[in-house]
**Q** 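Below is a structure I'd like to ask you about.
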Amino acid sequence: MLQVERISDTLWEIPRDCEKGMRVPARIYATEKLIQEMDETVYEQITNVATLPGISQYALCMPDGHSGYGFPIGGVAAMDVEQGGVISPGGIGFDINCGMRLVITNLVEREVKPRIKELTNSLFKEVPAGVGSAGILKLTREEFRRVIEEGARWCVANGYGCEEDLALTEEQGCIDGADALKVSERAIDRGLNQIGTLGSGNHYLEVQVARKENVFDQELAHAFGITAPDQVVVMFHCGSRGFGHQVATDYLQIFLRVMENKYRIKILDRELACAPFNSPEGQNYFAAMKCGINMSFANRQVILHHIRKVFSTIFQRSAEDLGLRMVYDVAHNTAKLERHRVGNQERMLLVHRKGATRAFAPGMAGVPEQYKQLGQPVIIGGSMETGSYLLVGVPSGAQSFFSTAHGSGRTMSRTKARKLWRGQKLQHDLEQRGIYVRSTSWAGLAEEAGSAYKDIDEVIHAAETAGLCKRVARFSPIGNIKG
DNA sequence: ATGTCC
């Protein structure tokens, strides 16, 4: 049994155990309630992460943490690349650059509610969802290679969106250093027709309302475009689909081959396969993973284009007229090179965030110009039954390399959820509660039942109390489409 | 998460 010490109301520590090979202590952000319902394997996994070469300060887990492949989902680990720090696909996730995008409208609930079924049905029709779904875009392999090197910038150059969309996307929609030559042909095959598709599992698109009582910081909300009581917004969650999955799979295999024999890295859990960041294999994965990041930004950019078209058709006004503007697009499955203060030194760290969101403080490089003095917006998707949040980064986020939670976090396996609920009944019950849901799969819908997730309000309370971020507004769902 | 096992 692992020793977990309470540091504060929202912070818990597994002390460094040299016999286990821990290089740093492990820390979990959670309230007592969240710690009690935390998956036992999270402790084991975060302890294993603490043994990885080059890890700086702490192996961290966010309040929405749960068991994942190698790293827990909710895991944050910063590797010092000048001190043998590694890069690990398990610390990024199979769904590279899975993330959230938030879009405002100038419509209010009373204008949208009467047409929510029509709107949701139309979104369901126009945004391909489900396992193996294919998009409208027909790209050649050469075009796709450009997409994965240019990201959302390619989309805007080809008529899917505007310059402002790019300014309001993490990395401005295109991360530097993506190299399509580092990506397998199989990955390209899988991604080729997946631009502009939602996917399955917990990927969804939701029409939400910002109720007056759920705006916590008027000034910040206003600056982010939440200005009217009961304003309607659109939030969606998706990633790099089969493409990112294949990139992760390819490099996991490569890393497993070289990790022990070539680099003498001994890891207890094969799922933590890794390679030194400064090695040919590490650098190749980094450049390929960046293609996954760009594919995902492009995916969300094309989906936004579909959303604008649907709203425009339903409400018979142009997207500009309807004020369909982006608040932000955040990644929550990445590893990025960032400068952070460690003790009294600035270090170059490869920050793995797996099911964890970057939350940069006011003034930091990387925060969009128009939000520079406010801090980086953070978009947190809850379950379809509960609600979602808009947060902002704060200076005290330095303790977690400026990272916070990414969502509710599951408390129950998909298998168990499927046994407990029926998708059809769930859809009916949700409709009674004013949430119109469409899904490609009844089983998939049951898996996403709100009760299979942690309490989003508790997760956000933990993150805010711990000083990882600040609440701006909470959104309530009225329409949802999922794969 | 994922053409949910090449």
Side-chain angles (χ1 to χ4, degrees), chain A residues 39 41 45 64-75 88-101 128-135 139 144 183-205 236-254 256 270-271 273 288-289 291-293 295-297 299-300 303 330-335 352-357 381 383-384 406-410 412-419 423 439-448 452-453 481-483:
Chain A
D39 204 325
T41 53
Q45 291 186 329
D64 51 338
H66 54 110
S67 173
Y69 182 90
F71 279 57
I73 292 156
S88 173
I92 293 164
F94 280 86
D95 191 6
I96 296 164
N97 195 19
C98 184
M100 306 290 310
R101 189 173 280 217
V131 183
S133 53
L139 300 179
F144 185 75
V183 164
S184 70
E185 290 301 309
R186 185 190 276 190
I188 288 173
D189 277 334
R190 288 183 68 175
L192 208 48
N193 61 0
Q194 293 186 322
I195 299 287
T197 64
L198 205 50
S200 64
N202 65 0
H203 289 162
Y204 65 90
L205 185 162
F236 59 100
H237 176 217
C238 65
S240 50
R241 308 286 278 100
F243 175 73
H245 192 278
Q246 191 60 47
V247 170
T249 305
D250 291 340
Y251 280 91
L252 269 168
Q253 283 170 2
I254 292 170
L256 279 170
R270 281 170 57 88
E271 294 185 355
M289 189 268 296
C291 290
I293 291 186
M295 192 283 188
S296 188
F297 284 141
N299 192 19
R300 292 198 285 273
I303 289 176
V330 278
H332 56 223
N333 277 8
T334 61
H352 293 72
R353 294 188 183 90
K354 182 201 195 172
T357 313
S383 78
M384 63 192 169
H406 84 304
S408 290
R410 297 196 74 88
M412 193 183 288
S413 72
R414 293 185 175 278
T415 320
K416 191 172 172 195
R418 270 201 307 270
K419 282 179 188 152
S439 174
T440 58
S441 145
W442 292 121
L445 190 64
E447 290 173 5
E448 295 302 311
Y453 282 88
I481 72 167
K482 56 173 276 48

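If you're wondering where the values come from, they're calculated on a predicted model, not measured in any experiment. In the text below, chain A, chain B and the rest are named by the order of the sequence lines, each starting its count at 1.
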**Q** Measure the distance from CD1 on A:Ile73 to P on B:dT2 and round it to the nearest whole Å.
**A** 13 Å
**Q** Mind checking if A:Arg414 touches a base, just sugar-phosphate, or nothing, with heavy atoms under 4.0 Å?
**A** sugar-phosphate
**Q** May I ask you to verify if any side-chain N or O of A:Arg241 is less than 4.0 angstrom from the OP1 or OP2 atom of B:dG3?
**A** yes
**Q** A:Glu185 has an atom CD; how far is it from atom P of B:dG3, in whole Å?
**A** 18 Å
**Q** With sequence neighbours left out, write down each residue that passes side chain to side chain donor-acceptor pair (under 3.5 Å) with A:Tyr251, or none if nothing qualifies.
**A** none
**Q** Checking A:Tyr204 now: which residues fulfil ring pair (Phe, Tyr, Trp, His ring centres under 6.0 Å) with it, not counting sequence neighbours?
**A** A:His237
**Q** With sequence neighbours excluded, what pairs up with A:Arg186 under the salt bridge (Lys or Arg N to Asp or Glu O under 4.0 Å) test?
**A** none
**Q** Whole-Å distance between B:dC6 P and A:Gln246 CD?
**A** 9 Å
**Q** Salt bridge (Lys or Arg N to Asp or Glu O under 4.0 Å) with A:Arg353: which residues, sequence neighbours excluded?
**A** A:Glu338
**Q** Looking at residues 189-201 of chain A, who's got a heavy atom less than 4.0 Å off DNA chain B?
**A** A:Arg190, A:Gln194, A:Gly199, A:Ser200, A:Gly201
**Q** Which part of the nucleic acid, if any, lies within reach of A:Gly239 when heavy atoms closer than 4.0 Å are counted: base, sugar-phosphate only, or nothing?
**A** nothing
**Q** List in chain and number order the residues that pass salt bridge (Lys or Arg N to Asp or Glu O under 4.0 Å) with A:Arg190, two or more places apart in sequence or in another chain; answer none if no residue qualifies.
**A** none
**Q** Rounded to the nearest Å, what distance is computed from the NE2 atom of residue A:His203 to the P atom of nucleotide B:dG3?
**A** 11 Å
**Q** Mind calculating the distance between CD1 (A:Ile96) and P (B:dT2) to the nearest angstrom?
**A** 12 Å
**Q** What integer distance in Å separates A:Tyr69:OH from B:dT4:P?
**A** 17 Å
**Q** Rounded to whole Å, please give me the gap between NZ in A:Lys482 and P in B:dT2.
**A** 10 Å
**Q** Ignoring hydrogens and geometry, is there a side-chain-to-backbone donor-acceptor pair from A:Asn299 to A:Thr197 under 3.5 Å?
**A** yes
